[in-house]
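Report on the structure given below.
Along the sequence shown, residues carry numbers from 1.
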Amino acid sequence: MSEDIKIQDISTESLVIGMILNDPNILLTYLDLINPLHDFSDENLRFLYNQVIGTYLNHDVISETSVNIEISKLEDDQQTLYKKLGGYKSLQRLSQVATINQDFKKIYGKLKTFNVLRELQSKGFKMTEDIYEKLKDKSVEFILKAYELQLTKVGTHIGGVNDSVRLGDGIVDFYENLKLKPDIGVEIPFSGLNYLTRGIRKRTVNSYLMLSGQGKSRLMVRILVHTSIIGDTKFLVLVNEENLADWQLKILTCVANVIFSDKYGGLIVEENEIARGLTGMKDAMVTEAAEYIQLNSKIRFFETQIYDYETIRMTFRQHRLRYGIEHYIIDTMKAYRGKGTEGMAEYAMYAYTIERFKALAKELDISITLTQQLLDTVQETKKMDSTQISGSKSTKHSMDTMVMYRKLDYADKKKIKVKIQMDGNPFNGQVQDLEKDGVYYLCFLEKNRAGLDKVNLILKVNVGAILFQEIGTAVFGSGKKKVEEG
């Protein structure tokens, strides 16, 4: 070998493609880690890898038919290249070379070793025959440690190598970009809460808490109708206590009342009515709602009783890659049981689960919204804080937003008034009494990493119709707006 040796490992690059063809779920872990431009030295294998990935992202299965559909989208010269390489038979040969019992982690490690050797060579480091033979079977970590005093000359195409940055570098561009695209997430249908939290933002974990039976799932439905039926944001809902029919019924009810009520003269229909069967104007309204949902829904639904963390992680990752979904709801949050939790008490498993969700939100660049249950004593003590969470009070530190709700009773409505929201300003308006026969929920923003917390809002609620209307901020007995409840 000369100093200008060509560093490549065709066998490893072929195995990567073949193993993915045999088990596409490998991509749930490795898709973001493989950089085809730098990990594949052979242009033909890089081309085939890219076609496999395109097929995986756009189709349910990788087959001759689905691959050919993707190939048909390419330019003529690329289609010609695919045929020259042997077409789908070239992929079949790669699949046959890779055996099922091989360890992809080791193959991936070797792929990255050759990447870093090429990167070192391209930056001027000598790669003699002796050096090459010593390093070709070493790990990336070993090689980087060997060159640690000179690593500033090595680029960032290797992947999986992190370093610190100087806080302040690029901050001018950061601010200019912020003015063009503010750090505001997906809008929710509650103007005050939306303003305080800046909506549902990616890389966050958010929690909505209520007592059992007061409408946690229905509140999520109301949010989803706004974000993903009226709006254009895709969500995945992972449900463990209800089924698809239950949620279809809720979505129908909410859309009928939120979108079509005015068209039908203010008509309101309740979930139980739809389940029993409708006639007349209500039937017409719900039929129109069903057609609207079928045309406009961006919600995917996943029902499961399997609640180990890895299953949830893979489910989210699959939907992130295949459907481009960036926002996820888990209804209702339960304790993680699985590897790493042996011997843990229930509350410890619960907290451990949420800690892992925070890391998952960052890993996949997604938001995760949870519904949680408050202790039954909340309705008696009227105290809402992290000590009232049914499961574990220690989960608060992992949350970006924590919103608690309780139904106001007759005594509450005598003591609490509401500062009615004004258009364009949800925190200013005229103070009014609550209607004694009205149904109201107190919404308490217990935690908010986006800004101000310990704020109380008032919602007017019709649970059966799945209507949650934020009407203003709570004003307590003295006439002053209370910012903390306890």
Side-chain angles (χ1 to χ4, degrees), residues 186-195 210 213-233 235 237 242 244-299 301 405 407-408 410 413 417-426 428-443 457-473:
V186 179
E187 181 186 80
I188 57 176
F190 312 113
S191 59
L193 189 61
N194 184 71
Y195 178 85
M210 285 185 187
Q214 289 198 350
K216 296 185 296 296
S217 299
R218 291 172 175 83
L219 180 66
M220 293 300 101
V221 167
R222 178 63 188 93
I223 290 173
L224 285 167
V225 166
H226 185 82
T227 61
S228 308
I229 293 179
I230 299 173
D232 294 322
T233 303
F235 267 81
V237 185
E242 296 181 298
L244 178 60
D246 295 328
W247 270 71
Q248 299 273 43
L249 187 60
K250 288 177 173 58
I251 289 287
L252 264 178
T253 305
C254 190
V255 169
N257 292 320
V258 169
I259 299 177
F260 293 101
S261 177
D262 288 345
K263 179 179 177 179
Y264 286 83
L267 196 63
I268 295 295
V269 62
E270 296 205 353
E271 187 179 337
N272 191 41
E273 292 180 273
I274 298 176
R276 291 175 176 274
L278 296 171
T279 58
M281 292 287 284
K282 288 188 175 181
D283 172 55
M285 183 171 77
V286 174
T287 298
E288 192 167 352
E291 293 169 350
Y292 185 87
I293 294 166
Q294 186 160 303
L295 182 64
N296 293 285
S297 178
K298 298 97 187 170
I299 306 164
F301 182 91
Y405 299 82
K407 185 178 180 180
L408 298 182
Y410 183 78
K413 287 183 280 187
K417 299 179 186 294
V418 59
K419 183 179 285 189
I420 298 295
Q421 292 176 346
M422 297 174 62
D423 289 341
N425 191 337
N428 278 323
Q430 184 178 357
V431 176
Q432 296 183 7
D433 291 329
L434 298 175
E435 298 172 5
K436 297 301 181 285
D437 58 349
V439 178
Y440 300 95
Y441 283 15
L442 183 68
C443 166
L457 301 164
I458 298 291
L459 274 68
K460 191 169 185 178
V461 177
N462 182 336
V463 175
I466 313 186
L467 293 173
F468 295 82
Q469 180 189 2
E470 185 188 281
I471 59 174
T473 51

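Ser228 places a side-chain N or O within donor-acceptor distance of the main-chain N or O of Thr233, the cut-off being under 3.5 Å. Checking side-chain atoms of Lys413 against main-chain N and O of Gly438 turns up a donor-acceptor pair under 3.5 Å. Between the Tyr440 side chain and the Glu435 main chain, a donor and an acceptor come within less than 3.5 Å of each other. Within the 3.5 Å criterion, the main-chain N or O of Ile293 finds no donor-acceptor partner in the side chain of Ser297. No donor-acceptor distance shorter than 3.5 angstrom exists from the side chain of Asn194 to the backbone of Pro189, with no hydrogens or angles considered. Between the side chain of Glu288 and the backbone N or O of Phe260, no donor-acceptor pair lies under 3.5 Å.
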Report the C-alpha separation of Thr473 and Val418 in whole Å, then their side-chain angles, then the decisive distance to 0.1 Å, and conclude whether the side-chain contact (heavy atoms from CB on, under 4.5 Å) test is met.
-> CA-CA 6 Å; Thr473 51; Val418 59; over 6 Å; no
Evaluate side-chain contact (heavy atoms from CB on, under 4.5 Å) for Asn257 paired with Asn462, printing each intermediate quantity in order.
-> CA-CA 11 Å; Asn257 292 320; Asn462 182 336; over 6 Å; no
Using the side-chain contact (heavy atoms from CB on, under 4.5 Å) rule, take Met285 and Val269 through it: C-alpha gap first, then chi angles, then the decisive distance, then the call.
-> CA-CA 9 Å; Met285 183 171 77; Val269 62; 3.6 Å; yes
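The distance from the CG atom of Asn428 to the CG atom of Asp423 is 12.5 Å, given to the nearest 0.5 Å. We find the CD1-CG distance between Ile223 and Leu193 to be 8.0 Å, quoted to the nearest 0.5 Å. How far CD of Gln469 is from CD1 of Ile458: 12.5 Å, rounded to the nearest 0.5 Å. From Leu224, atom CG reaches atom CD1 of Ile299 across 4.5 Å, with rounding to the nearest 0.5 Å. With rounding to the nearest 0.5 angstrom, the CG atom of Leu295 is 11.0 Å from the CD1 atom of Ile229. Rounded to the nearest 0.5 Å, atoms OH (Tyr405) and CG (Leu219) are 5.0 Å apart.
Cys443 has its side chain out of reach of Glu470: every pair of non-hydrogen atoms, C-beta onward, lies at least 4.5 Å apart. Considering only heavy atoms from C-beta on, Ile188 stays 4.5 Å or farther from His226 through its side chain.
The side chain to side chain donor-acceptor pair (under 3.5 Å) search around Ser191 returns Gln421, not counting sequence neighbours.
Between Gly192 and Leu457, the closest heavy-atom pair is C-CD1, 4.3 Å. The two residues Cys254 and Val225 come nearest to each other via the heavy atoms SG-CG2, 3.7 Å. The minimum heavy-atom distance linking Lys419 with Gly429 is given by the pair CG-O, 3.2 Å.
For the salt bridge (Lys or Arg N to Asp or Glu O under 4.0 Å) with Arg218, the qualifying choice from Glu271, Glu242, Glu270 is Glu271, the only one to do so.
Counting only residues at least two apart or on different chains, the salt bridge (Lys or Arg N to Asp or Glu O under 4.0 Å) pairs with a member in residues 219-233 are Asp232-Lys298.
Classified by interplanar angle (parallel below 30°, tilted 30° to 60°, perpendicular above 60°), the ring pair Trp247/Phe301 is tilted.
Side-chain atoms of Gln214 and Tyr441 form no donor-acceptor pair, as typed in the model, at a separation below 3.5 Å.
Shown here is Lys407, whose NZ atom has no more than 12 heavy atoms of other residues, nucleotides or ligands within 6.0 Å.
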